[in-house]
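One structure is given below, encoded as structure tokens.
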Amino acid sequence: MDDAYLDAVLEVVAAIPPGHAMTYGGIADVVGAHLGQGGPRQVGQIMSHAGGGVPWWRVVSSAGSPPPRYLSEALRRLAAEACPLTGDGSRVDLRRAAWDPPDDVLGGPEPDNG
DNA sequence: ACCTTGACCTTGG
DNA sequence: CCCAAGGCCAAGG
């Protein structure tokens, strides 16, 4: 686990817009395609260390289910930004919330400060 | 070097 | 989607 991977994951997660969500595999695929390493497990492993610095609630499993540990809190945040949930309201409807990051999210042209 | 743990994914029923 | 079994990748003891 290099810091480059850590930064890349957090970068993508931070790029997820409100009302949308991404899967661990999706993030791992984007970051993996950029650095050529890592997997869905590594993304989750990082997320656990991430903290509140990133919109972790917009990151869900392939089933659209957020971490049971903060399930209640995640659902509240998701509902707060009008994220498309399932009938149960206990999961994210990836059929609508599924979002894919642009190709310039990682090595993209940063707006920088000046 | 071996086993276990972890905010997982895929395949098959 | 749910359950069950196998795979994948990396870190810790």
Side-chain angles (χ1 to χ4, degrees):
Chain A
M1 293 291 292
D2 296 331
D3 287 346
Y5 191 83
L6 179 71
D7 189 23
V9 172
L10 298 177
E11 186 67 276
V12 176
V13 175
I16 304 173
H20 292 267
M22 279 190 70
T23 63
Y24 295 93
I27 297 168
D29 188 27
V30 175
V31 177
H34 190 80
L35 300 176
Q37 78 159 299
R41 304 215 59 122
Q42 272 45 312
V43 176
Q45 183 62 47
I46 288 172
M47 293 301 290
S48 64
H49 291 276
V54 289
W56 54 269
W57 58 91
R58 290 175 199 157
V59 185
V60 298
S61 66
S62 189
S65 179
R69 175 68 177 178
Y70 303 102
L71 176 60
S72 184
E73 185 165 328
L75 293 172
R76 293 193 300 104
R77 289 186 176 276
L78 289 166
E81 58 187 40
C83 208
L85 305 176
T86 70
D88 306 78
S90 197
R91 288 186 299 278
V92 175
D93 190 355
L94 294 171
R95 307 200 307 178
R96 296 192 297 159
W99 179 81
D100 183 57
D103 221 10
D104 58 319
V105 172
L106 297 176
E110 299 180 17
D112 101 277
N113 299 55

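Protein chains get the first letters and strands the later ones, always in sequence-line order, with residue 1 at the start of each. These numbers come from the heavy atoms of this one structure, side chains and all, not from hydrogens, waters or symmetry mates.
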Between atom [atom1] in [X] and atom [atom2] in [N], what is the gap in whole Å?
X: A/His49; N: B/dG6; atom1: NE2; atom2: P; answer: 11 Å
X: A/Leu35; N: C/dA10; atom1: CG; atom2: P; answer: 12 Å
X: A/Arg69; N: B/dA7; atom1: CZ; atom2: C1'; answer: 11 Å
X: A/Leu6; N: C/dA10; atom1: CG; atom2: P; answer: 15 Å
X: A/Met47; N: B/dG6; atom1: CE; atom2: P; answer: 17 Å
X: A/Tyr24; N: C/dG7; atom1: OH; atom2: P; answer: 24 Å
X: A/Gln42; N: C/dC9; atom1: CD; atom2: P; answer: 9 Å
X: A/Arg41; N: B/dC8; atom1: CZ; atom2: P; answer: 7 Å

**OP:** Return yes if some donor-acceptor pair links the side-chain N/O of A/Asp93 with the main-chain N/O of A/Arg95 below 3.5 Å, else return no.
**Re:** yes
Original post:
Between atom CE of A/Met22 and atom CD1 of A/Ile16, what is the distance when rounded to the nearest 0.5 Å?
Top reply: 5.5 Å
Subject >> Inter-nucleotide C1' distance (C/dA11, B/dA1), Å rounded >> reply: 15 Å
**OP:** Using the C1' atom on both, measure C/dC8 against B/dT5 and round to a whole Å.
**Re:**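 Rounded to whole Å, the distance is 15 Å.
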Does [N] have OP1 or OP2 under 4.0 Å away from a side-chain N or O of [X]?
X: A/Ser62; N: B/dC8; answer: no
X: A/Arg91; N: C/dC2; answer: yes
X: A/Gln37; N: C/dA10; answer: yes

Original post:
Are A/Val13 and A/Trp56 close enough that some pair of their side-chain heavy atoms sits under 4.5 Å apart?
Top reply: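 When only atoms from C-beta onward are counted, A/Trp56 and A/Val13 do not touch, as no gap falls below 4.5 Å.
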Original post:
What does B/dT10 pair with, Watson-Crick or G-U, if both distances are under 3.5 Å?
Top reply: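 Pairing partner, where one exists within any strand: C/dA5.
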Original post:
Does C/dA10 pair with anything, Watson-Crick or G-U wobble, both distances under 3.5 Å, and if so, with which nucleotide?
Top reply: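 Checking every strand shown, C/dA10 finds its partner in B/dT5, with both distances under 3.5 Å.
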Subject >> Sugar-phosphate, base or nothing in reach of A/Ser48, heavy atoms under 4.0 Å >> reply: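 A/Ser48: base contact, heavy atoms under 4.0 Å.
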Subject >> Verdict with supporting geometry, A/Arg77 and A/Glu73, salt bridge (Lys or Arg N to Asp or Glu O under 4.0 Å) >> reply: CA-CA 6 Å; A/Arg77 289 186 176 276; A/Glu73 185 165 328; 3.8 Å; yes
Original post:
A/Ser90 and A/Leu71: which non-hydrogen atoms are nearest, and at how many Å?
Top reply: O-CD1, 4.0 Å
